[in-house]
Protein chains: 2
Amino acid sequence: MQAEIIAVGTEILLGQITNTNSTHIAQGLAELGIDSYYQTVVGDNPVRLAKVIEIAAQRNDLVILSGGLGPTKDDLTKQTLAQYLNVPLVEDEAAMNVINDYFKTTGRTMTANNRIQALYPAGATPLTNHNGMAVGAFYQSPDSADFLLLPGPPREMTKMFEMEAKPKLQAAYGKQSQIYSRVLRFFGIGESKLVTELQTLIDDQQAVTIAPYAKTNEVTLRLSAQADSKASAQQALNTVETQIKAKVGTYFYGYGDDNSLAKVVIKTMIDRQLSITAAESLTAGEFQSTIGGVPGVSAIFPGGFVTYANAAKHQLVNVPQATIDQAGVVSEATAIAMADGARAQLHTDTALSFTGVAGPDELEGQPAGTVWIGLAYPEQPTTAYLYHFAGDRQKIRERSVMAGLDLLRHALDGKTTSEK
Amino acid sequence: MQAEIIAVGTEILLGQITNTNSTHIAQGLAELGIDSYYQTVVGDNPVRLAKVIEIAAQRNDLVILSGGLGPTKDDLTKQTLAQYLNVPLVEDEAAMNVINDYFKTTGRTMTANNRIQALYPAGATPLTNHNGMAVGAFYQSPDSADFLLLPGPPREMTKMFEMEAKPKLQAAYGKQSQIYSRVLRFFGIGESKLVTELQTLIDDQQAVTIAPYAKTNEVTLRLSAQADSKASAQQALNTVETQIKAKVGTYFYGYGDDNSLAKVVIKTMIDRQLSITAAESLTAGEFQSTIGGVPGVSAIFPGGFVTYANAAKHQLVNVPQATIDQAGVVSEATAIAMADGARAQLHTDTALSFTGVAGPDELEGQPAGTVWIGLAYPEQPTTAYLYHFAGDRQKIRERSVMAGLDLLRHALDGKTTSEK
């Protein structure tokens, strides 16, 4: 069983976007045990697209096309494939309903080209698009290669691939033995350091493969075991997980692809009925926005403060002017006063504060990346922690938010932070 | 002049790394005005590599190979290419000196396979590796395609491509005429509607090409003109821009790849010394965090409020309890009271408020996606606008922030909003 991935899009050929779709699909093929020896990129040109489809169909059992399913004139992937297969395009009623509903709900006018998004090659199984309107398709052919059609926008592609395509590929080509995966998530350790710490485990991997991926501000490890039963796979995964945690367990915070440090922390706080607020200077609301993204957070989060200017720190969360004057605005004392003041204002159990230099310019003689984070937590003296983050303005703000969540996680675990 | 990029590496086929090398090289080709219609990825396998070299050489004038120049057994790119070209590999003395020096300096023992890194196909021009030991090569052939050999590690590849390869490509193939581009940014119109409105312009494009790209919550158009001088390109671009703006100018907000609605709005407000605050419920600080990302915003943004719970709306920005009880928390009256209250608290010129249903559950009988945004603006009655956004919790929050920025943009332009 051998598959080729073809990404369709002139913007990839012009270097305007990076082809992350092929990376994601390639990972999925590796998990399914489907070999992949070639990847191709071609532009929104039906003649050249037809040529690469022909080459790929000759040298593979399955050809996966992503991109070019949208409503514009450039989008010609399914038309070109239907011509190659010599089948008409037919309308998927479910997809058409979604398109109609969208235009009804938003009150926008539907243009005729939007209907194209509900079409797929006759004889294929249509695949639902959970994050968009263009329907996908899985076409199994007795006498040529099979084809999988996926949309181009990564949000649409990844969800369709994971939820709709993978189970069908598994059913069509899956081996008796299956791949079982588990994702471990780490914060506070870089990818290269994680790999160095686990080098012997990675080198010795046999029953379980260990694949590290660097994400924004965190690292995940995907453990995969091929086994005849879920039970025997779980056993193998458990053994390796224990070995990994013995080395880098302090940085581990949770499981799963659809997870985050914010979700883990907020879920724990909801379970324990610990309420939270924040006073944010350099992060300007990004911490609160991040926890606001977790469903159910309203049970423990009444609101909070963006105290960007010094006057706002004084007015909104009662930081004494003398503290700012004497210790400086980017200081341990100001961070502590902000956390205490925010907690007192909204009568919460906990509070975080962020004060620092987002850059690009320095502040009070302190370089960009200098950040104090204060934590007010039950039955503990309010404490502030000093960080020095590298990167641009946005990176420094994101890292501050992640560090604040990590402080909370360690407090919830009854530990002080491991990471500075 | 047409070129194909071939990235060599099994780790790309397994999805362990993303193929950013092809992105970088593709950008360079676009700048040089060299067309590129195909990209290929192949593993560290000499048989399959020979096949893709043959296909690429047949359909292109130049084939660029990156990866597989290192010292390990897997690295076979230049050996395979030399075989295809039927030339021997020869040693680059300068590269060999660097390798010898490295082992002398570090006191490590040089193994025989390290010498391989100094080899290149006879007849080619060797290219210096400024960040590593493997030499590159540019091979010009009178009777087949030309070949460019680059290393795989991105640090080595990008430096060699920029410093060594690009000048040689420019000298070999450079045109008198160059490509000049301009990016126009739009908010409040979908990609398909934008394309429909501009269909005749796009179909008739000759001197200037118009390429639409859907970004998160906005659409950009890249206009490109090939011309002998910057002045004549600008003239052609100006003409098409005027034609585009005549049709969809109301949605246009700015220029450039590195731009955003937030940057344009905040820059205008800084220029006019108009200060701003916000009271955010469902967005939970995301609006303030977004404007906080713009350097220089501190001149006009003292801070603001996250008023997630009803009690916080009352306590922090003085929304009368009666307003919430009678009109509901997701209502015009509450949105107006929040904007007015926030502005009064921090004595700013303007204020935005956000109250709505982020979902997944409905609230007060109103479905997820129902959002009221209030705008308090100088010399205008404070007004609230009703939106119905589609999508999940995060999308609804993001779209609310963008809609708030768009309200501000139109107010700054002296207009009311065009988009609901």
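Every chain is numbered from 1, with letters handed out A, B, ... down the list of sequences. Side chains are part of it too, since the values below use all heavy atoms of this structure and drop only hydrogens, waters and symmetry mates. This one's a predicted model, so the numbers in the text were calculated from it and none came from an experiment.
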Donor-acceptor pair, side chain of B/R393 and main chain of A/G292, under 3.5 angstrom: yes
Atom pair OG1/CG of A/T23 and B/L14 - distance to nearest 0.5 Å: 11.5 Å
Closest heavy-atom pair and its distance - B/F301, A/Y308: O-CD2, 3.3 Å
Chain B contacts, top residue of A/G43, A/G359, A/S36 (heavy-atom pairs, under 4.5 Å): A/S36
Residue, of A/L29, A/T72, A/T10, that accumulates the most heavy atom pairs under 4.5 Å with chain B: A/T72
Side-chain (A/R397) to main-chain (B/S289) donor-acceptor, under 3.5 angstrom: yes
Under 4.5 Å from a heavy atom of chain A, the part of B/K313 involved: neither
Point-to-point distance, once rounded to the nearest 0.5 Å, from CD1 of B/I5 to CG of A/L13: 8.0 Å
A/N19, part contacting chain B, at a heavy-atom distance under 4.5 Å: backbone
CD-NE2 distance between B/Q315 and A/H347, expressed to the nearest 0.5 angstrom: 5.5 Å
Heavy-atom donor-acceptor pair, A/Q27 side chain to B/G15 backbone, under 3.5 Å: yes
Heavy-atom proximity to chain A below 4.5 Å, by part of B/V294: backbone
Closest contact, heavy atoms only, B/I55 versus A/R59: CD1-NH1, 3.8 Å
Choice from B/G391, B/P295, B/S22, B/P367 maximising heavy atom contacts with chain A below 4.5 Å: B/P295
Flag if over 12 foreign heavy atoms under 6.0 Å of NZ, B/K166: yes
Nearest-0.5 Å distance, OG1 of residue A/T111 to NZ of residue B/K193: 9.0 Å
A/E280, part contacting chain B, at a heavy-atom distance under 4.5 Å: neither
Which atoms of B/T40 approach chain A - backbone, side chain, both or neither, heavy atom under 4.5 Å: both
Interchain contact, A/A309 with chain B, by part (heavy-atom threshold 4.5 Å): both
B/T18 portion near chain A, given a 4.5 angstrom heavy-atom threshold: both
Value rounded to 0.5 Å, distance of OG1 in B/T196 from NZ in A/K73: 10.5 Å
A/K51 atom NZ: more than 12 heavy-atom contacts under 6.0 Å: no
Contact origin within A/F287 toward chain B - heavy atom pairs under 4.5 Å: neither
B/Q199 portion near chain A, given a 4.5 angstrom heavy-atom threshold: side chain
Which atoms of B/V42 approach chain A - backbone, side chain, both or neither, heavy atom under 4.5 Å: both
Nearest atoms (heavy-atom pairs only) where A/R155 meets B/D392: NH2-OD2, 4.0 Å
Leading residue by heavy atom contact count with chain B [cutoff under 4.5 Å; candidates A/E4, A/Q288, A/E286, A/R48]: A/R48
Heavy-atom contact with chain B under 4.5 Å, split by part of A/P302: both
4.5 Å side-chain heavy-atom contact, B/N45 and A/Y37: no
Nearest-0.5 Å distance that lies between atom CD in A/Q16 and atom OG in B/S181: 7.5 Å
Beyond-backbone contact of B/L346 with A/L316, side-chain heavy atoms, under 4.5 angstrom: yes
Segment of B/P360 engaging chain A (4.5 angstrom heavy-atom cut-off): side chain
Partner chain B: residue of A/A278, A/A311, A/G293, A/A358 with the largest heavy-atom pair count (under 4.5 Å): A/G293
Least distance between heavy atoms, B/Q39 atom then A/I12 atom: NE2-O, 3.4 Å
